[in-house]
There are 2 protein chains.
Amino acid sequence: MRRTRDTSNGRQRVLDAAAERLVAQGYTATTLREIAADVGIKAGSIYHHFDSKEDLFIEVFSRGIEVMVEAFESIDASPDLCDTVNDRIELYVRAHLGALFEHGSYTAAHVTAFFTAPNELRSAIVPLRDDYEHRWNSLLADVLLDVEASRLPLARLFLFGAMNTTIEWFDPLGDLSLDGLANLITVQFLEGVHSLNLQRSTQ
Amino acid sequence: MRRTRDTSNGRQRVLDAAAERLVAQGYTATTLREIAADVGIKAGSIYHHFDSKEDLFIEVFSRGIEVMVEAFESIDASPDLCDTVNDRIELYVRAHLGALFEHGSYTAAHVTAFFTAPNELRSAIVPLRDDYEHRWNSLLADVLLDVEASRLPLARLFLFGAMNTTIEWFDPLGDLSLDGLANLITVQFLEGVHSLNLQRSTQ
DNA sequence: GTCTATAGGGAGATAGAC
DNA sequence: GTCTATCTCCCTATAGAC
């Protein structure tokens, strides 16, 4: 594998460092000086790659969603990997968790630090977030034909809540594997969502 | 109702303003100048009430947990309000959501901004968090006798994930009431948690 | 592509008058 | 209990040398 001279390498390392700092500290607490030090350059040099701090972090957050979308689409592309509806959903849950824990810090940065970013930056990212959420809503509507459709968007929010907060406590090196975690979340979600059919309409 | 001269009133208003700013902006982005302006005083005056920014926010976060604990204990104190296990859990879920949406911004501030605060501050709060989480683990263990006990701590984490992220999307003025939300979350959680008994052991 | 040097602004915190 | 004034520090961002 030939290693060509990659001019974007420095830029990439800045992005990686920014994502890691975001997870640990949030937006405002993360300084360009720290990021530069992590990479081994000076703060001013970052402006050769990005126009501003906001510009840099827009790219980090966007990449965080792209990682999730790519994981989601990789399941879409192989629709015959499993037999049952439950197993199919579990694949998507596993992909989402994989984006959080196995493909760098970008998705983790997005999930933990998005709400610590300035409003203007968030506005630029919201359409991408909406797109990913829409994919999930469509998936659930296509697959859970026996569940009242109007309940699914709310159920998805509960599912996202359970999945995304794993970033606060799950240890990939602990006893429970990501596969095991995906299985547990999926089973609990699917049993729960089916129960909504039996439920009295809400006040 | 006689209105006595209350020397802690100014202090209380600073705390309230700090909690609201925390929800909107996170720890580092919230400045003492802003908080002072919200209250109608100058930044330097805050130091008459608190030793430091960190000191002020420790009190905000602590109060956020106290509100949850008080809501939890108010259910403990009236154990004969309902017949079934499900209804009983629903009362606690409703109390937790009430702390998030109906008793000021303190609990919301804690849930959204805790991880944006400096490490030293977080360390001071962690024992209080642990205490509240322990109450929930005990509650579930006492009440869900038919569920394998080792699964309950994980199930509680899923439940907290679903409850706490409602702060990102739930609108108390919308069509769905807090009672309705509590009912939906509880039903989905309980059906899901019972399904764990049937599940293969995880890898 | 990275450096040094620095401009310009805003943060937390303190001292002392009122 | 609040004010004004100010100290000190660190941030983002820019300019120009190498």
Side-chain angles (χ1 to χ4, degrees), chain A residues 3-61 109 113 116-124, chain B residues 3-61 109 113 116-124:
Chain A
R3 191 172 297 274
T4 60
R5 186 163 38 87
D6 186 352
T7 56
S8 72
N9 201 7
R11 178 185 165 92
Q12 185 61 49
R13 289 172 61 211
V14 170
L15 286 166
D16 289 348
E20 283 174 31
R21 286 283 179 180
L22 263 186
V23 175
Q25 302 171 340
Y27 183 89
T28 323
T30 299
T31 69
L32 298 180
R33 280 169 164 71
E34 284 175 329
I35 296 170
D38 291 344
V39 174
I41 61 177
K42 299 296 178 183
S45 306
I46 290 180
Y47 288 85
H48 176 74
H49 303 289
F50 303 92
D51 287 342
S52 67
K53 177 179 180 178
E54 184 168 322
D55 199 59
L56 162 60
F57 282 104
I58 283 180
E59 212 159 310
V60 171
F61 285 127
T116 71
N119 289 329
E120 321 88 66
L121 189 160
R122 289 212 298 272
S123 303
Chain B
R3 190 173 296 274
T4 59
R5 186 163 38 89
D6 186 354
T7 57
S8 73
N9 201 9
R11 179 186 165 90
Q12 186 60 50
R13 290 172 61 211
V14 170
L15 285 167
D16 289 349
E20 284 174 28
R21 287 282 178 180
L22 262 187
V23 175
Q25 302 171 339
Y27 183 88
T28 323
T30 299
T31 69
L32 299 181
R33 283 171 167 77
E34 283 175 330
I35 295 169
D38 292 344
V39 174
I41 61 177
K42 299 296 177 182
S45 306
I46 290 180
Y47 287 85
H48 176 73
H49 304 290
F50 303 92
D51 288 342
S52 66
K53 177 180 180 178
E54 185 169 321
D55 199 60
L56 162 59
F57 282 105
I58 283 180
E59 211 159 312
V60 171
F61 285 127
T116 71
N119 290 329
E120 321 89 66
L121 189 159
R122 288 211 298 272
S123 303

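Hydrogens, waters and symmetry mates are skipped; everything else that's a heavy atom, side chains included, is used. Values in this document were obtained by computation on a predicted structure and should not be read as measured data. Every chain is numbered from 1, with letters handed out A, B, ... down the list of sequences.
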Atom pair distance, as rounded to whole Å: CD in A:Q12 and P in C:dG1 =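 Whole-Å distance recorded here is 14 Å.
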Atom CD1 of B:I46 and atom C1' of C:dA11: how far apart are they, to the nearest Å?
->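 Computing the B:I46:CD1 to C:dA11:C1' distance gives 13 Å.
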What distance separates [X] [atom1] from [Y] [atom2], expressed to the nearest 0.5 Å?
| X | Y | atom1 | atom2 | value |
| --- | --- | --- | --- | --- |
| B:I35 | B:S45 | CD1 | OG | 13.0 Å |
| B:F61 | B:L121 | CZ | CG | 6.0 Å |
| A:H48 | A:I41 | NE2 | CD1 | 10.0 Å |
| A:E120 | A:I58 | CD | CD1 | 9.0 Å |
| A:I46 | A:D51 | CD1 | CG | 13.0 Å |

By side chain to side chain donor-acceptor pair (under 3.5 Å) - contacts of A:E20 (at least two apart) |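 A:E20 satisfies side chain to side chain donor-acceptor pair (under 3.5 Å) with no residue once adjacent residues are dropped.
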Under 4.0 Å protein heavy-atom contact, by nucleotide of nucleotides 12-18 of chain C - B base, S sugar-phosphate only | BBB----
Relative to the 5' end of DNA chain D, which residue comes earlier, B:H48 or A:E34, by the nucleotide with the nearest heavy atom?
->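 With B:H48 and A:E34 compared, the 5'-side residue is B:H48.
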Should B:H49 be listed as having a side-chain N or O under 4.0 Å from OP1 or OP2 of D:dT2?
->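 Affirmative; the distance criterion is met.
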